[in-house]
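A short write-up of the structure that comes next.
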Amino acid sequence: MSKRKGFTRRSEDFSAWYNEVVQRAELADYSPVRGSMVIRPWGYGIWEQMQHALDDMFKATGHENAYFPLLVPLSFIEREKEHVKGFKPELAVVTHAGGKELEEPYVVRPTSETIIYAMYAKWVQSYRDLPLLLNQWGNAMRWELRTRLFLRTAEFLWQEGHTAHADEAEAEAEARTMLGIYRRFMEDWMAMPPVTGVKTDGEKFAGAVRSYACEAVMQDGKALQAATSHMLGQNFAKQFDLTFQNRDGREEFAWNTSWGASTRLVGGLVMTHGDDAGVVVPPKLAPSQVVVVPIAGGEAEGAGVLAKSEELADALRREGVRARVDRRLDMSVGARFFDWERKGAPVRLEVGPRDVARGEVVVVPRVVREGGARKETLGEAEAVEGMRARLRALQDHLLGEAKARREARTVRQEVGSVRELAGLLDEGAGFVYSGWSGDPEVERRAKEEAKATIRVVPDEEFRSPAAPSKCPGGGRARMEVIWARAY
RNA sequence: CGGGGCGUGGCGCAGUCCGGUAGCGCGCCUGCUUUGGGAGCAGGAGGUCCCCGGUUCAAAUCCGGGCGCCCCGACCA
């Protein structure tokens with residue numbers, strides 16, 4: 001990479017900005033494997049923080065982790081009709097191993113419903129074995145034609161939850177609960193407020209009865225499907241003989257759900273908060289929340305400055321803050337400042353000989369609130385003790401900004417034609433709320449002529465006060481939907 | 001699979017039209033000086049010019065064939 005000082009501006013070419021930022025903030029890099037990326041420590045650190053938060057929420061709602069094989073017999077995938085249709089074109093298949101051709105090929109899992117429910121069939125006999133609530137952290141592979149760092153890679157990291165229940169209502173409630181967890185995670189941790197709702201039949205998961213999703217608007221106005229939760233009904237149970245005896249002694253098929261979120265979230269984080277200086281990581285997900293940057297003077301001074309920097313980092317850690325000292329003294333201070341800005345560390349502490357002499361530090365947040373000071377000089381103790389509150393305020397600020405951007409990109413009005421829908425999106429609308437007749441033909445036309453899809457039929461709290469009456473495809477609206485151009 | 005572009009030190013590129021010593025910026029190494037917003041100076045290392053074949057005294061450059069990658073579209077989390 002040539003030594004370019006800044007990035008392409010978001011307003012010039014959002015997609016170029018994204019690619020540059022991801023690479024130069026050292027989140028990820030292209031690998032020798034087509035479509036697969038290397039996640040570098042800073043990017044992986046963000047993912048680890050996401051994992052911890054989500055994992056805690058899953059455990060708190062009664063789920064346990066387990067692990068299933070990477071390879072799935074091809075015949076398993078082929079068992080559920082819609083499921084094969086959806087995934088067949090993007091399967092990577094293992095045909096040889098141990099120097100021989102395999103009798104039955106394996107696919108590298110594009111998702112694990114089939115192998116997991118095959119195992120559940122073995123474990124579940126009675127209603128007493130239900131519900132079975134497992135989650136797996138792992139990787140999956142979908143051979144996409146066009147890939148983008150984090151947003152769509154051939155191999156991706158994710159979690160996939162798979163549950164089995166004794167009745168439909170309980171499975172439905174589970175699918176809903178998990179959607180709610182994703183939503184809360186996105187708001188509370190990512191500061192990325194999504195809209196939730198149900199997918200149309202055309203957009204639902206291959207093999208599901210119903211799919212729920214969190215959809216977020218990125219800064220360029222495009223929608224990102226950030227997590228999904230599926231009510232699978234008895235579709236997979238029937239194909240894998242996942243049955244149990246109910247209280248009355250009769251045999252029934254179990255009801256399943258599956259839900260997942262992937263490293264795509266990291267891409268969403270970048271596109272939600274990033275600015276022309278680089279990534280902005282919300283404090284709750286930052287691998288290092290505070291970076292102490294020592295400014296070395298002469299050698300004797302340098303030693304004092306370093307000692308003070310370590311002392312401050314220790315004090316911050318005792319306060320429960322993730323802090324690190326940037327000891328790269330052979331790099332100029334300016335270069336180190338820019339480096340952490342690019343990476344999006346929430347707060348920087350500058351510690352130089354002058355500060356040490358006065359018992360002060362310079363506190364610099366990654367993003368400055370309107371009217372706020374860019375740099376503040378504080379006493380050491382004050383800076384340390386106030387850090388948690390400062391980080392909390394930053395987190396809230398980011399959520400507020402993201403909400404405001406989502407609202408600014410939201411249009412609610414009667415849309416009488418596909419052309420009108422395209423016009424709104426061309427003018428910068430992100431989410432367009434309109435009516436829909438329920439006719440799939442309208443979706444097809446909108447996709448072709450406006451490059452837009454129905455992201456979700458929004459949940460009640462997101463719906464407009466007055467239900468729209470027109471459908472872009474003509475005819476009467478039967479429900480309100482959200483249109484967007486999506487990643 | 002259709003349309004377009006590109007393969008030259010680690011990265012980004014110039015050189016190709018018009019054949020004749022392989023260059024620039026960044027990065028890297030060493031030394032000295034420097035550190036409060038992307039350090040300076042001096043010295044240095046590093047290249048089968050994507051591959052194969054042809055033309056020629058001579059090929060990064062011309063001719064033929066192949067391979068790979070990127071972008072746009074179709075497909076999709």
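Proteins come first, then strands; the chains are lettered A, B, ... in the order of their sequence lines, and each starts at number 1.
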With C1' as the reference atom in both, quote the distance from B:rU35 to B:rA45 in angstrom, rounded to an integer. 27 Å
Touch class at under 4.0 angstrom, heavy-atom based, for A:Thr153 against every strand present: base
Measuring only the C1' atom in each nucleotide, how far is B:rG43 from B:rU16? A whole number of Å is fine. 34 Å
Secondary structure of RNA chain B per the Watson-Crick/G-U criterion (both distances under 3.5 Å; [ ] crossing, | other strand, . unpaired) is ((((((((.[[[[.)....(..]]]].((((((.....)))))).....[[[[[..)....]]]]])))))))....
Run the salt-bridge test on A:Glu155 and A:Arg142 with the 4.0 Å N-O cut-off and return the result as yes or no. no
Classify A:Glu90 by what it touches in the nucleic acid, base, sugar-phosphate, or nothing, heavy-atom distance under 4.0 Å. sugar-phosphate
If I take atom CD in residue A:Gln225 and atom P in nucleotide B:rC76, what distance separates them, rounded to the nearest angstrom? 13 Å
B:rC32 and B:rC18: how far apart are their C1' atoms, nearest whole angstrom? 47 Å
Return the value, rounded to whole Å, for the distance between atom CZ of A:Arg336 and atom P of B:rG36. 9 Å
Write down the protein N/O and nucleotide N/O pairs, taken from nucleotides 2-7 of chain B, whose separation is under 3.5 Å; answer none if there are no such pairs.
none

Ring pair (Phe, Tyr, Trp, His ring centres under 6.0 Å), paired with A:Trp259, selected from A:Phe58, A:Tyr212, A:Phe185: A:Phe58
Roughly how many Å is it from CG in A:Asp326 to C1' in B:rG38, rounded to a whole number? 14 Å
Can you tell me the distance, in whole Å, between the OH atom of A:Tyr30 and the C1' atom of B:rC69? 12 Å
Could you measure between the two P atoms, the one in B:rG23 and the one in B:rG46, and give it in whole Å? 13 Å
Counting only distance, no hydrogens or angles, is the base of B:rA77 paired donor-acceptor with the side chain of A:Arg152 under 3.5 Å? no
Acceptor/donor pairs from residues 377-384 of chain A side chains to any protein atom, 3.5 angstrom cut, sequence neighbours excluded:
{"unit_1": "A:Glu380", "atom_1": "OE1", "unit_2": "A:Lys308", "atom_2": "NZ", "d": "3.1"}
{"unit_1": "A:Glu380", "atom_1": "OE2", "unit_2": "A:Lys308", "atom_2": "NZ", "d": "3.4"}

For the residue pair A:Arg10 and A:Phe14, would you count it as a cation-pi contact if the rule is NZ or CZ under 6.0 angstrom from the ring centre and within 45 degrees of the ring axis? no
Within this structure, what is the CZ-to-P distance between A:Arg354 and B:rU35, rounded to whole angstrom? 12 Å
Heavy-atom donor-acceptor pair, A:Lys451 side-chain to B:rG73 base, under 3.5 Å: no
Rounded to whole angstroms, how far apart are CG on A:Asp355 and P on B:rG36? 12 Å
Could one point to a donor on the side chain of A:Glu341 or the base of B:rG37 with an acceptor on the other under 3.5 Å away? yes
Is A:Arg348 touching bases, backbone alone, or none of the nucleic acid, heavy atoms closer than 4.0 Å? base
Aromatic ring centroids of A:Phe236 and A:His83 under 6.0 Å? yes
Could you tell me whether A:Leu329 contacts a base, only the sugar-phosphate backbone, or nothing, with contacts defined as non-hydrogen atoms closer than 4.0 Å? base
In whole Å, measure the gap between the C1' atoms of B:rU8 and B:rG47 for me. 8 Å
For the base of B:rG38 and the side-chain ring of A:Phe338, does the geometry meet a stacking cutoff of under 5.5 Å between centres and under 30° between planes? yes
